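Before any comments, here is the structure.
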Amino acid sequence: MSSQPLARISGLRSLFNKSLHKLKRPSVSQRLLATRASRQKWEFPYALYGGRHTVSLLPGDGIGPEMTTFVQEIFHEAKVPVEFEEVLLNTHFNSDDDFERAILSIQRNGIALKGSLESEYTDPTFSKSRNAVMRVRLDLFANVFHCKTYPGIPAKNNVDIVVIRQNTEGEYSMIEHETVPGVVESIKVITRDASEKLGRFAFDFAVNNGRKKITCVHKANIQKKTDGLFRETMEELSKEYPNIEYHDMIVDNTCMQLVSNPSQFDVLVTPNLYGLCVQNVVCGLAGGAGLYSGKNFGDEFAVFEPGLRNTAMHLRPNVANPVAMLNASLDMLHHLRLHSYAQVIDDAIRKTLVEDKIYTQDLGGQASSLDVVQNIIRHVRERY
C-alpha cells in the first residue's frame, strides 16, 4: 500500500478519536457540580432508549430482591421513565462470569441500583468481597452517606450529617498475606492522588450544597504515614476553600463526639474503614439502617444502594423496612435529572412516615414491608 492512502487512513483514525473524545460522557463529578441553571441544559445522557433510561439492577442477597421489587412497583405507579436491566449476582450466582456480566452491565448503562452482596467470610474458600472489588473495578472513589433525621421518627438524636468516605483504598485495598504460619499482614494503602481527589470532591460538595464545615476524620497520631498523608492532603486543600470551616479529629474521639454532641458536625470526610464505622454511628443515632441510602461515585459510573449495605439474611419476608432502598432509588432519579418523579415518591415516603406514622418493626411499629409500600403507592396515586 502506498504512503498516501496510509496517511489518509491515519488522518481519519485521528479525526474519529477526536470525535469520540468529544462524545465522552461527562464525569460524575462534573454532573454533581452542575449549577441549577445548567440542570436545564441538555447533557449527554446515561443509557437512554426511546425516552427511557436504562439502569442496571443488582438485587443482591437477603432482603435485596424483595426491596428492589418494591422499587419497581412504585416506579410503575409513578410512571418513572426507567427500564431496569436485572443482573443476577448473589451467593447462588457468584462465579467470575456472573461478576463480569454485572460489571459489563454497569459499564454499559453507566448507573446501577444495587442490593448488598453477602460476603461469606466464614467460608475458607472466601477470598475478596464482591462489593469491595466492584467499587475498585469501577473506580467508585467516593461514597456519600447523608443522614437527616425524619421528624417524629423514633431516634436517639436529631442529626443532619454527610459522611464522605474514600471507597477504594485504605484497609479495603484487600492486600493480605501470611508471611509465616500464624502471622498475617494486611497492607493499608493511602495515596496522595486518591486522597486529593476525594478531598476536592468533598469540598466541592460542601460548596454546592450549602454546607459550612468539613471535619477530616483520621488516626494520624498512630498511623502517622498513611493517615498522616490523608490529613495533610485535606488540610492543604482546605486553604483553597476559605469559606468552608475546616477541622480535623481523631476517629475514636469523633465517635464519642457524635454520640454526645452530633450537632457540631456537618460534613465528615474519612478514609475507607473509619467512614464505615462513623456511618454506622450516625445511622444508629438517626433511626437505624432501614431509612438511609448511600451513593457511590466515580468519574464515569454511579451506583446507588442502601447506606449500610446490610443483606439482613436472617430476616423473613415482609418484615424489613423498604425505605432505605427506596431512598437509594430516589438518589438515582435525582442523578438522572428526573427530579419531579423523585419528588412525588419522596413526598409519599415522608407522608407515610411523618404523618401516617406507619412504622416497621425496626422503628418500633407493627407494620409489614408491604403495609409501608402500599401506603406509599396510595399517596403516589393521589398525585396522578
Side-chain angles (χ1 to χ4, degrees), residues 55 57 59-60 62-84 86 113-116 145-156 158-160 283-295 304-336 338-384:
V55 171
L57 179 65
I63 61 174
E66 182 184 15
M67 299 299 107
T68 53
T69 298
F70 292 147
V71 169
Q72 293 177 82
E73 290 175 0
I74 291 172
F75 274 28
H76 174 74
E77 294 292 339
K79 301 176 175 58
V80 178
V82 164
E83 295 290 343
F84 287 108
E86 186 168 341
L113 180 65
K114 172 182 169 292
S116 191
F145 178 79
H146 182 194
C147 203
K148 183 175 182 180
T149 311
Y150 283 92
I153 286 286
K156 302 291 190 299
N158 290 323
V159 301
D160 183 3
C283 195
L285 291 173
L291 295 172
Y292 302 104
S293 56
K295 299 170 273 193
F304 300 88
E305 60 188 348
L308 297 190
R309 304 165 177 162
N310 190 347
T311 58
M313 296 285 281
H314 63 284
L315 283 185
R316 65 183 187 275
N318 204 27
V319 171
N321 192 335
V323 173
M325 182 65 81
L326 293 177
N327 278 331
S329 74
L330 300 189
D331 293 336
M332 180 194 75
L333 292 182
H334 283 300
H335 191 70
L336 290 171
L338 298 174
H339 303 296
S340 60
Y341 296 97
Q343 192 61 56
V344 168
I345 300 173
D346 187 37
D347 289 345
I349 292 172
R350 290 185 177 276
K351 287 179 180 178
T352 296
L353 293 176
V354 177
E355 297 178 11
D356 304 331
K357 298 191 180 301
I358 297 179
Y359 300 155
T360 44
Q361 292 179 26
D362 59 307
L363 299 177
Q366 297 298 319
S368 67
S369 309
L370 196 56
D371 290 335
V372 174
V373 170
Q374 288 176 337
N375 200 74
I376 291 170
I377 288 174
R378 178 174 66 84
H379 285 302
V380 167
R381 287 173 176 170
E382 291 171 357
R383 297 287 293 272
Y384 288 93

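Just so we're clear, the structure is a prediction, and the values are computed from it rather than from any experiment. Just so you know, residue 1 is the first one in the sequence shown, and it goes up from there.
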Distance check, rounded to the nearest 0.5 Å: [X] atom [atom1] versus [Y] atom [atom2]?
X	Y	atom1	atom2	answer
Leu330	Tyr341	CG	OH	14.5 Å
Phe145	Leu308	CZ	CG	5.0 Å
Leu291	Thr360	CG	OG1	7.5 Å
Ile358	Lys351	CD1	NZ	13.0 Å
Arg378	Thr352	CZ	OG1	7.0 Å
Ile376	Asp371	CD1	CG	11.0 Å

Applying side chain to side chain donor-acceptor pair (under 3.5 Å), can you list everything that pairs with [X], at least two apart in sequence or on another chain?
X	answer
Gln343	Asp347
Ser369	none
Asn327	Tyr150

### Task
Using salt bridge (charged side-chain N to carboxylate O under 4.0 Å, His left out) as the criterion, list what pairs up with Glu83, not counting sequence neighbours.
Arg52
### Residues in salt bridge (charged side-chain N to carboxylate O under 4.0 Å, His left out) contact with Lys114, at least two apart in sequence or another chain
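With sequence neighbours excluded, Lys114 shows a salt bridge (charged side-chain N to carboxylate O under 4.0 Å, His left out) to Glu305, given in chain and number order.
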I'd like a table of donor-acceptor pairs (distance under 3.5 Å, sequence neighbours excluded) in which one partner is a side-chain atom from residues 70-77, with atom names and distances.
{"residue": "Gln72", "atom": "NE2", "partner": "Thr68", "partner atom": "O", "Å": "3.4"}
{"residue": "Glu77", "atom": "OE1", "partner": "Arg381", "partner atom": "NE", "Å": "3.0"}
{"residue": "Glu77", "atom": "OE2", "partner": "Arg381", "partner atom": "NH2", "Å": "3.0"}

### Message
Determine whether Asn321 and Gln361 satisfy the following criterion, side chain to side chain contact (heavy atoms under 4.5 Å, CB included), listing intermediate values before the conclusion.
### Response
CA-CA 8 Å; Asn321 192 335; Gln361 292 179 26; over 6 Å; no
State, with a plain yes or no, whether a side-chain heavy atom of [X] is found less than 4.5 Å away from one of [Y].
X	Y	answer
His379	Asp356	yes
Glu66	Asn318	yes
Leu326	Val372	no

Which atom of [X] lies closest to which atom of [Y], heavy atoms considered:
X	Y	answer
Ala155	Ala286	CB-C, 3.7 Å
Gly152	Tyr359	O-OH, 3.4 Å
Ala324	Ser293	O-CB, 3.7 Å

### Task
Return yes when atom NZ of Lys148 has more than 12 non-hydrogen atoms of other residues, nucleotides or ligands closer than 6.0 Å, and no otherwise.
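No - once you tally the heavy atoms of other residues, nucleotides and ligands closer than 6.0 Å, there are 12 at most.
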### Donor-acceptor contact present, side-chain Thr149 to main-chain Val159, <3.5 Å
yes
